[in-house]
Each structure stands twice: as C-alpha cells, then as structure tokens.
Amino acid sequence: MIIDELEPLVRGAVEGACQAGALPPSARDCAYTVEPARNRDHGDYTTNAALTIASACGLPPRAAAAGIVEHMALDGSPVETVEIAGPGFINFRLKSDWLQGVIVEIERAGSAYGHNITMAGHRVLLEFVSANPTGPISVVNGRAAALGDSLRRLFMASGAEVATEFYVNDALNSTQIDLLAASLEARYRQALGHEAEVPAEGYQGDYLIRIAADLARTYGASLAELPDAERPDRFRTLAIETMLERQRQDLAVFGVEFDRWFLESSLYESGAVTSAIESMQVAGFTYEKDGAVWLRTTELTGDDQDRVLVRSDERATYVAADAAYHKDKFDRGFTDLVNIWGADHHGYVARLKAGIKALGYDSDRCSIILTQMILLTRDGELVKGSKRAGDVIPLADLVEEIGRDASRYYCLLTSYETTASFDLEVAKRESADNPVYYAQYAHARCSAVLRRAEESRLPEVNASDVERSLLRNPKELELLRVLAEYPREVQLAAESKAPHRLTAYVRVIGQALHQFYEECPALKDDVPFPVRDARLALFRATRTVVANLLGLLGVAAPDRM
RNA sequence: GCGCUCGUGGCUCAGUGGAUAGAGCAUCUGACUUCGGAUCAGAAGGUCGGGGGUUCGAAUCCCUCCGAGCGCGCCA
C-alpha cells in the first residue's frame, strides 16, 4: 500500500530535519497523517506534518515544511515531485511507472487484492440480528444482517478469524415466548373452528394464522386435547420451531447464513446461567432486595439503575442469561466480540457490559453497534408495517419487490448511525438513478469488453508483460490512482466497521472507469496492439477490484446485465 | 424529566481537526458512424439547525438553546 511507503519517507525526513537542527527534537513526537489528496490539483498524496509540527514547536508552518522537504530521501521512492502548498501542506505526486505497476499487483493478488493483515490474530465473534422468534425478520433486522455479513467479509479480508451467530431467545421462562405460545394456541383453536381470542398483549400478525392452519392439518384436534400441564410447553416448542425456520428462510433468501444459531435455552440446560449468577454473587456484585437478586450495574458501568438478575419467583432474567452467553463467547477463545443491535436497545448496553465485568472479563473487548432505523417510502409516501405482518415490514417483502442485491446494497449505502430512508419505486427501477446498478454496471462493462476481445480471439497478455508505460492518458492514470487506493479503503472500512465507505468508493471507481472507457478505446481498429493490450489489462484489473469490492458487500458482480 | 443518537443544496446521503464542504436523484444544456447510453461532459443549487467557546485551522471537539427519533420493567 502506497501510504506504507510514504509514511516512513515523511518520518525519515522529520528525523533528518531534527538531526540537522532544522526542527527541534520535540518534532519527533508530533502526530500527523499521510493521506490521498482530496483535490487532484494538490497532487496524489498529502501530509499535514509541517502544520502540526509548526503548531507544537511554534514555528512558521512553511518554514517547517521546507525543513522537512529538504531532508526527504526521494531516490528510489514512488514520489515524482514534492511541493509545499497552502498553509504548509506537503504534497506528493507519484511517478507514473509506480501507478502503472498497480495492475501487475492486482493481477498477481487476484481475488485477494486489497486484503490486509491488520486484524491477524484476532478471533472475532459477530453476533447480529438475534431477533426474537416471535415474528418474521423485518427490514430493520435486514439492515443488521447486511451489515453483519459485510463486516464478516471485511474482517476476514483483514486477516481475522470470524464466526457469526444468531442468538435465539427461546428460553422457556420468557414472558414473550409465553405470549407467542398463547397466541398460536388461540389461532390453532380458531383454525379448528373453536371460539378463541389472541391475548390482547399477544402477537396479532397473520403469520401465526398460517402456522396454526398447518398445525391443524398435521395434528388435527389432538393438540387441543392435551392436558393443561403439557399443552403450553407443547405450543411453546412448536411456536419456536416454526418461527425459527421461517426466520432462517427469510435470511437465506437475503443471502445471509450464520455459523451457529445459539439457543438461549442451552445456557439454562448446561447450568451456565446458574453458575454465572453464582459467580457474580461470589464476586460481590449483587445484593438481595424485595426477594430478588440485583446486579450492581450502576456501580459497574454507570447504568441509571441496578438490574434484576433473579426474579422473586426465582426465574433468571435475560440479563443473567446474556451475561452467561458472553462469558461463553470469551471462554470459546474469541478475542473480539461484536454485537449489532437495533438502536432501541441502546439502554441495554450498560447492562450487558456490567454483566461482562461482573464475570471478570474485559467489557472493552465487546463492542456494540447500534443500527438506526430504515424507513421505506413509495412515491414519497412512508410505508408502514401492516397489522397483518405484526406492525413490521417483512424483509422477505422487500427482497421480493426489489431483489436481493438492491436490498443489500441499499442497506449498506448509508452509515448505520443515521436513520436511512429510500424509495421502493426508485430502488426497483433498473435505471441510472439506482446506485446498485451503477456499481454492477462497472463490472459488467469490463466483462463486456474483455468478452469481446476473447470472441475476437485476441491473445491475453499478462499485466506484467504489457507495455504499461503506454497507459499515460490522464484518464488511465486517474483510474490507476483510484485502483491503488482500494487496499486502504478496505482497511479503513474494516477499522471503522463501515462498509458504507465502500459503496461510496465504488462510485469513484465507476466514474474513473467510465471516463477511461469513453476516452481510451481498446478494441477500435486504429488502436495499436501494444496500447490495446495495455488497456485490456487495465480493464481486467478494474474488473478484479470491482468484483472484490462487491464481494465484500455480498452483492453479485454480474458479467452481463 | 433523565439518557442515547441525529439535524449538511428541493430530495436521499458522504465527509477519520485541515486547503474552495462533496456525491447521487430531481431540474436545465450538450454528446450515440455505441469496444454496452444502466454511460459521459457541463450548468444551477449551501448562513453544514441557532448561538457561544477551544485552535494556526471546526460540518467534525466542548457548552448552550431549538427540532426529530429512540430508550428509561422482577419484558426480551
């Protein structure tokens, strides 16, 4: 990566300037950045080293810049020219042969181009969606699913070992599951033609009607005749099984699968919940009040009130189970826990972290991403969840309407920190105003050119063998610059857990590609062979980068559209 | 009331303390003897919610006010 070469160059120059007395010794301790220039007029890369050093050492910025530049060892570096500009920025322009060499690197690395090792040695457990088994997967869950799946790919591309989990709140002591079971039983009785009502606090969505009809078909009236002691458990089990299967399908259609569906109930069965509670008690982080056991979350993480671990009826709460779950994650050897939750759970962060701390683990190793909502509009009108779907918009409906790729792309288009919204009619349109097609078209266009070359039986010349110095048109050089940035973009997206950076960057690639395409024909009759081969190699490199990028988003890279 | 998040062109959104705040859509003007026009070139459009502060420099950090969303259970 180019920054890895420029950064030492700057550091060496600062050191040289210090030794020569051009800068005071304290300049060595100044922080500064080396990054791509935003404005191409400023060159290819820039550093603010002189500005921060001047500020810290009380020097005129341009004088500091001059001192640094004077001691820069440019021989053998990728840098063509250095200049001082504006208030004291040091701008670099790269040698074109360095840029042209990028296609060799891309061809050599292939599908691994852009990978890095910044997360090598990390074992990451990504937990996301984890929706209650009380209804279908919603669009908001979909946003978390797209994000989690993309992060999995980004972390892997950064050298981490990654596992994904969906935590299933299936514990039989759950009030919500009780309600789900009661709701299902009512629907079942209705299906049998009996009088029955779904509890007022229960689940009214009509997905339960369909499930109940299936039960009536499979079991006849036998379930209704079960003794009172057995019936509720039977319905709980049936409700969870059928809802989980439905959720699994919704996510599979979306292209997201999990390494493991972790059952909360397994924590009770193994005794993990009980032992976690005991462990917190022994460590002195709990107390008893009103017949319940409380965790000192106020003290541990500044929660606004302490939380109940064990209810007065001796049933454990989800706080206890989740603490046990996260202990289990750490005990399985994961070094980094990443949880993706809906923003409506933000009040729960302090609780979980308190549980982790109370069990003696480092809560900083667990990072929690809160995704904001996603609003859908249709022709400008807000689309609302229907009563029949349980007041949410099912992800399956979205996928059915606009397709998997568009659904995923839109979910990743914006930062998860902002409430996003997009219009279904626009997203459905297969036209220019749809960003997912712009990205995919870049890939398809490269493929089209290369396919045509193949059909003309042109021999494929490797990037290492073409005359790369012929790639000197400004559009060609700009495309090379953009492709050279890809590894850095991947690293930044992984570091900041922000796949949406890539959707912005792929547009930049597309733009550079299309401009190159417009101005630099490869297969026209009057193009000399060496130029043709060099340009075809550039198309191949671009296609590789776009394919790799779309792969990180979990979006298809089609050869034809 | 307390807490968390967010206010950026008409709309949807980028923008890790740096240079003249960027894209896309919509609007307007151009480019088809097409290596795929799902493209490209250009125009217009901004008190970065308001006001203070920190600094060489603030959309970004701090304070305050206004507005929006979400959360404040022995539910998950």
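Here is the naming used below: chain letters follow the sequence lines, and residue numbers restart at 1 for every chain. None of these values were measured; they are calculated from a predicted model.
- If you check B/rC70, B/rA19, B/rC13 against the side chain of A/His346, the one that comes closest is B/rC70.
- At a threshold of 4.0 angstrom between heavy atoms, the contacts of A/Phe422 with the nucleic acid are absent.
- Not one side-chain nitrogen or oxygen of A/His514 sits closer than 4.0 Å to the OP1 or OP2 atom of B/rG36.
- Nearest heavy-atom pair, A/Val490 versus A/Asn116, reported as atom, atom and distance to 0.1 Å: CG1-ND2, 4.1 Å.
- The side chain of A/Ser415 approaches B/rA14 more closely than any other nucleotide in the set B/rG71, B/rA14, B/rG18.
- Atom OH in A/Tyr318 sits roughly 9 Å away from atom P in B/rG73 (whole-Å rounding).
- The residue A/Asp306 sits apart from the nucleic acid: no heavy atom pair falls under 4.0 Å.
- The side chain of A/Asp290 lies closest to B/rC74, out of B/rG73, B/rG69, B/rC74.
- Pairing for B/rC56 goes to B/rG18, judged as Watson-Crick or G-U wobble with the two contacts each under 3.5 Å.
- Within the structure, a side-chain polar atom (N or O) of A/Arg311 is placed less than 4.0 Å from OP1 or OP2 of B/rA76.
- For the pair A/Lys329 and A/Tyr325, the cation-pi test (distance below 6.0 Å, angle within 45°) is passed.
- B/rC63 sits 11 Å from B/rU54 when the C1' atoms are compared, rounded to a whole Å.
- Among the atoms of the strands shown, base atoms are found under 4.0 Å from some heavy atom of A/Asp559.
- Using a 30° and 60° split on the angle between ring planes, A/Tyr517 and A/Phe539 fall in the perpendicular class, above 60°.
- The residue A/Arg560 sits close to a base: some heavy atom pair falls under 4.0 Å.
- Between A/Leu502 and A/Glu489, the shortest heavy-atom contact is CD2-O, 4.1 Å.
- Residue A/Thr47 is out of contact with every strand shown, counting any heavy-atom pair closer than 4.0 Å.
- Here A/His345 lies in heavy-atom contact (under 4.0 Å) with a base.
- Taking 4.0 angstrom as the limit, A/Thr419 places none of its side-chain polar atoms (N or O) nearer than this to OP1 or OP2 of B/rU12.
- Classification of the A/Tyr486-A/Tyr505 ring pair by plane angle, with boundaries at 30° and 60°, yields parallel.
- Nucleic acid contact class of A/Arg351 (heavy atoms, under 4.0 Å, all strands): base.
- With both pairing distances under 3.5 Å, B/rA44 is matched to nothing as a Watson-Crick or G-U wobble pair.
- Proximity note for A/Asp304 (side chain, C-beta onward) versus B/rC72, B/rC35, B/rC75: the nearest is B/rC72.
- If you check the side chains of A/Gln440 and A/Asp405, you find a donor sitting under 3.5 Å from an acceptor.
- Comparing A/Asp344 and A/Arg307, the nucleotide of RNA chain B nearest to each residue sits closer to the 5' end for A/Asp344.
- In this structure, A/Leu424 places its CG atom 16 Å from C1' of B/rC25, rounding to the nearest Å.
- Within 3.5 Å, a donor on the side chain of A/Asn91 pairs with an acceptor on the base of B/rA19, or the reverse.
- An OP1 or OP2 oxygen of B/rG36 is reached within less than 4.0 angstrom by no side-chain nitrogen or oxygen of A/Tyr437.
- The 5' end of RNA chain B is approached more closely, in terms of each residue's nearest nucleotide, by A/Thr52 than by the other of A/Val449 and A/Thr52.
- Heavy atoms of A/Glu495 sit nowhere under 4.0 angstrom from any nucleic acid atom.
- The residue A/Ser55 sits close to a base: some heavy atom pair falls under 4.0 Å.
- Remark: A/Ser421 is in phosphate contact with B/rC13, judged by side-chain N or O atoms under 4.0 Å from OP1 or OP2.
- Relative to the side chain of A/Glu35, the nucleotides B/rU16, B/rC40, B/rC74 differ in distance, and B/rU16 lies closest.
- Relative ring orientation between A/Tyr318 and A/Tyr348 is described as tilted, the plane-to-plane angle lying within the 30° to 60° band.
- Under 4.0 angstrom from either OP1 or OP2 of B/rA41 there lies at least one side-chain N or O belonging to A/Gln515.
- Counting distance only, with no hydrogens placed and no angle test, the side-chain atoms of A/Asn48 and the base atoms of B/rG18 include a donor-acceptor pair under 3.5 Å.
- Between A/Asn91 and A/Thr46, the closest heavy-atom pair is OD1-OG1, 2.8 Å.
- Between the P atom of B/rC2 and the CD atom of A/Gln305 lies a distance of 16 Å, rounded to the nearest Å.
- Across all strands shown, A/Cys520 has heavy atoms under 4.0 Å from base atoms, whether or not it also approaches the sugar-phosphate.
- Residue contacts for A/Ala37: at a heavy-atom cut-off of 4.0 Å it reaches no nucleic acid atom on any strand shown.
- Nucleotide B/rC70 holds its C1' atom 18 Å from the CD1 atom of A/Ile369, rounded to whole Å.
- With hydrogens and angles ignored, no donor-acceptor pair closer than 3.5 Å exists between the side chain of A/Tyr441 and the base of B/rA38.
- Between the CG atom of A/Asn39 and the P atom of B/rG15 there is a distance of 19 Å, rounded to whole Å.
- Considering only the side chain of A/Arg488, B/rU16 comes nearest among B/rU16, B/rG15, B/rU39.
- Here B/rC40 is the nucleotide among B/rA19, B/rC35, B/rC40 with the atom lying nearest to any side-chain atom of A/Glu518.
- For A/Thr418, the listed nucleotide lying nearest its side chain is B/rC6; candidates were B/rC6, B/rA19, B/rC74.
- Across all strands shown, A/Tyr348 has no heavy atoms under 4.0 Å from either base or sugar-phosphate atoms.
- Judged by distance alone with a 3.5 Å cut-off, no donor-acceptor contact links the side chain of A/Thr414 to the base of B/rC13.
- The side chain of A/Met561 sits closest to B/rG36 out of B/rG36, B/rC40, B/rC75.
- Here the closest non-hydrogen pair linking A/Lys497 and A/Ser367 is CE-OG, 3.7 Å.
- The nucleotide whose nearest atom lies closest to any side-chain atom of A/Asn169 is, among B/rU39, B/rG15, B/rA76, B/rA76.
- The same atom, P, is picked in B/rG67 and in B/rC13; the two are 22 Å apart, to the nearest Å.
- Nucleotide B/rG3 forms a pair with B/rC70, judged by Watson-Crick or G-U wobble geometry with both contacts under 3.5 Å.
- Summarising the base pairing, B/rG24 is matched to B/rC11 through a Watson-Crick or G-U wobble pair whose two defining distances lie under 3.5 Å.
- Shown here, B/rA31 forms a base pair with B/rU39; the pair counts as Watson-Crick or G-U wobble because both key distances fall under 3.5 Å.
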